[in-house]
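The structure appears right after this line, and notes come after that.
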Amino acid sequence: MNCIKIKAPAKLNLSLDITGQREDGYHLLEMVMQTIHLYDQITLEKSNEISLECDCPDIPCNGKNLAVKAAKAFFHATHLDGGVKITLQKRIPHGAGMGGGSSDAAAVLKGLNRLYHTPLSTKQLDKIGLKLGADVPFCLHGGTMLVTGIGENLLELQDMFPCWFVVAKPEQGLSTAEVYQAYDALEEQQMIRPKTNGVIQAIYEKDLEALSRSMANVLEYAVPLQEIAEIRQTMHQHGAYIAQMTGSGSAVFGIFEQEEDAKECAVSLSQTYQQVYVCKPCKK
């Protein structure tokens, strides 16, 4: 086998809380994360060197790309004398807080492990992934998970119950590092923090109303984009139980019980925003 194709799903943060900060500057996180049926498509072909081609001109195809970094990390860890040509069909919006880069990196690690028939365990892949980014270990697993620490602690949860997500991204993307810096600079204020245990319990009880009462993302306080509030308002007007930013933004998602309501909301949002998606949750 010289070629393999693999899907890299987007993720949403059903909750995101910052519980502290380590001495090295890394933020301690507590998140309930969910993969959704929106994918980047990745093709991996054996080669003598590492290269990347992408159909999105805004995505760097050099060593700054997480997919390239993942490939380099894989060959370093396995001591293999080889390479890979990565072809990336980009569908997950970037600068959105949807884990596109992290999911691409995870897909490259999993794909190369299969392509080169290497025996790297899940724990070994997680360890490599964590060095690439906090979301990569989760993206190696997917489904519905509680993620804590700096992304290294993963607890598999029950699959998200059937529902519909509408995701809309403002034209302006955001830098994860800059959003966290802005959060650190915030003065003490009354924040609405997620009730993480409440989110988990609502998932197990399949209670959409209880879920909406427990969800929150503290990074929203560090993102002053007016479009986020406007998208949230439109989603609520079309029957979303909850609408909030995912990750470090700028994408916003709403949760709907009925597919018809979700599609009507997406049509309304599409009149203003180019990147609007209707998706279902992925199972593990």
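Just so we're clear, the structure is a prediction, and the values are computed from it rather than from any experiment.
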Return yes when atom CD of Glu260 has more than 12 non-hydrogen atoms of other residues, nucleotides or ligands closer than 6.0 Å, and no otherwise. no
Decide yes or no on side-chain contact (heavy atoms from CB on, under 4.5 Å) for Val166 and His238, but give the supporting numbers first. CA-CA 11 Å; Val166 176; His238 284 83; over 6 Å; no
Below 4.5 Å, heavy atoms only, C-beta onward: do Leu115 and Phe74 meet side chain to side chain? no
Rounded distance [0.5 Å steps], CD1 in Ile92 versus CG in Asp40: 4.0 Å
Got Val179 and Gln181 here, is their nearest side-chain heavy-atom distance under 4.5 Å? no
Just wondering, are more than 12 heavy atoms of other shown residues or ligands nearer than 6.0 Å to NE2 in His117? yes
Ignoring hydrogens and angles, tell me if any N or O in the side chain of Glu230 forms a donor-acceptor pair with the backbone of Ile228 under 3.5 Å. no
Should the pair Lys46 and Tyr116 be classed as cation-pi, given the thresholds of under 6.0 Å to the six-membered ring centre and 45° from the axis? yes
Does Asp17 pair with Arg193 as a salt bridge, N-O distance under 4.0 Å? yes
For the atom pair NZ (Lys11) and CE (Met31), what is the distance rounded to the nearest 0.5 Å? 7.0 Å
Closer than 3.5 angstrom, by distance alone: can the side chain of Asp261 be matched with the main-chain N or O of Gly239 as a donor-acceptor pair? no
Flag if over 12 foreign heavy atoms under 6.0 Å of CD, Glu171: no
Going by heavy atoms in the side chains, are Ile50 and Phe75 under 4.5 Å from each other? yes
Under the side-chain contact (heavy atoms from CB on, under 4.5 Å) criterion, do Tyr26 and Gln21 qualify, and how do the steps go? CA-CA 6 Å; Tyr26 282 96; Gln21 193 169 5; over 6 Å; no
Using a 4.5 Å cut-off on heavy atoms from C-beta on, say whether the side chain of Leu155 contacts that of Met145. no
Considering all heavy atoms, the nearest Trp164-Gln258 contact: CD1-C, 3.9 Å
Do you know which two heavy atoms are closest between Pro119 and Asn113, and how far apart they sit? N-OD1, 4.2 Å
Do Tyr277 side-chain atoms and Ala168 backbone N/O form a donor-acceptor pair below 3.5 Å? no
Verify, without hydrogens or angle tests, whether Ser214 (side chain) and Ala210 (backbone) share a donor-acceptor contact under 3.5 angstrom. yes
To the nearest 0.5 Å, atom CG of Asn13 lies from atom OG1 of Thr246 at 4.0 Å
Using the rule given for side chain to side chain donor-acceptor pair (under 3.5 Å), can you reason through Glu30 versus Thr148, listing the C-alpha separation, both sets of side-chain angles and the distance that settles it, and then say yes or no? CA-CA 5 Å; Glu30 186 176 78; Thr148 58; over 6 Å; no
Within the distance-only criterion (no hydrogens, no angle test), does the side chain of Asn153 pair as donor or acceptor with the backbone N or O of Val147 below 3.5 angstrom? no
Give a yes or no on whether the backbone of Val32 and the side-chain of Ser15 come within a donor-acceptor separation of less than 3.5 Å. yes
Any Leu208 side-chain heavy atom under 4.5 Å of Phe256 side chain: no
I would like to know whether Lys169 and Ser250 meet side-chain contact (heavy atoms from CB on, under 4.5 Å); could you show each step before the answer? CA-CA 6 Å; Lys169 180 188 174 292; Ser250 62; 3.8 Å; yes
Without swapping roles, check the side chain of Ser103 against the backbone of Cys139 for a donor-acceptor pair under 3.5 Å. no
With sequence neighbours excluded, give me every ring-ring contact (aromatic ring centres under 6.0 Å, His included) pair touching residues 30-52. His37-Tyr39
Student check: side-chain heavy atoms of Glu45 and Thr43 closer than 4.5 Å: yes
Is the shortest heavy-atom distance from the side chain of Leu12 to the side chain of Phe165 under 4.5 Å? yes
For residues Met245 and Leu16: do they belong to one hydrophobic cluster (side chain heavy atoms under 4.5 Å, members Ile, Leu, Val, Met, Phe, Trp, Tyr)? yes
For Gly97, does its backbone N or O pair with a side-chain atom of Ser248 as donor and acceptor, under 3.5 Å? no
Out of Gln237, Gln244, Glu227, Glu220, which one pairs with Arg232 under the side chain to side chain donor-acceptor pair (under 3.5 Å) rule? Glu220
Give every donor-acceptor pair under 3.5 Å between a side-chain atom in residues 60-72 and any protein atom, sequence neighbours left out.
unit_1 : atom_1 : unit_2 : atom_2 : d
Asn62  : OD1    : Lys64  : N      : 3.0
Asn65  : OD1    : Ala67  : N      : 2.8
Asn65  : ND2    : Pro60  : O      : 2.9

Between Pro224 and Ala222, the two heavy atoms sitting closest are CD-O, 3.6 Å
Quick one: does any side-chain atom of Tyr221 pair with a main-chain N or O of Ile192 as donor and acceptor, under 3.5 Å? yes
Verify side chain to side chain donor-acceptor pair (under 3.5 Å) between Thr144 and Asp159, making sure each step is shown before the conclusion. CA-CA 6 Å; Thr144 313; Asp159 286 332; 4.8 Å; no
Treating Ile, Leu, Val, Met, Phe, Trp and Tyr as nodes and any side-chain heavy-atom pair under 4.5 angstrom as an edge, say whether Leu38 and Val276 lie in one connected cluster. no
Taken to the nearest 0.5 Å, the spacing of Leu44 CG from Lys5 NZ works out to 11.0 Å
Separation of Leu120 CG from Lys127 NZ (nearest 0.5 Å): 11.5 Å
Within this structure, what is the NZ-OG distance for the pair Lys263 and Ser270, rounded to the nearest 0.5 Å? 12.5 Å
Determine whether Leu157 and Met215 fall in the same hydrophobic cluster, where Ile, Leu, Val, Met, Phe, Trp and Tyr are linked whenever their side-chain heavy atoms lie under 4.5 Å apart. yes
Quick check: is Leu174 connected to Val218 through a chain of hydrophobic side chains (ILVMFWY, heavy atoms under 4.5 Å apart)? yes
side-chain contact (heavy atoms from CB on, under 4.5 Å) assessment of Lys284 paired with Glu156: CA-CA 9 Å; Lys284 53 180 171 285; Glu156 188 177 288; 3.0 Å; yes
Do other residues, nucleotides or ligands put more than 12 heavy atoms under 6.0 Å from the CD atom of Glu152? yes
Do Tyr241 and Leu211 have side chains that get closer than 4.5 Å, going by heavy atoms? no
Check this for me: does any side-chain nitrogen of one of Asp104 and Lys90 sit under 4.0 Å from a carboxylate oxygen of the other? yes
Between Gln34 and Cys282, is there a donor-acceptor pair closer than 3.5 Å when you use the side chain of the first and the backbone of the second? yes
Show every donor-acceptor pair shorter than 3.5 Å between a side-chain atom in residues 128-137 and any protein atom, with sequence neighbours excluded, or say none if there are none.
none

ILVMFWY cluster, Phe138 and Ile203 together (side-chain gap under 4.5 Å): no
Apply the side-chain contact (heavy atoms from CB on, under 4.5 Å) test between Leu52 and each candidate in Ile42, Leu88, Thr87; give the one that qualifies. Leu88
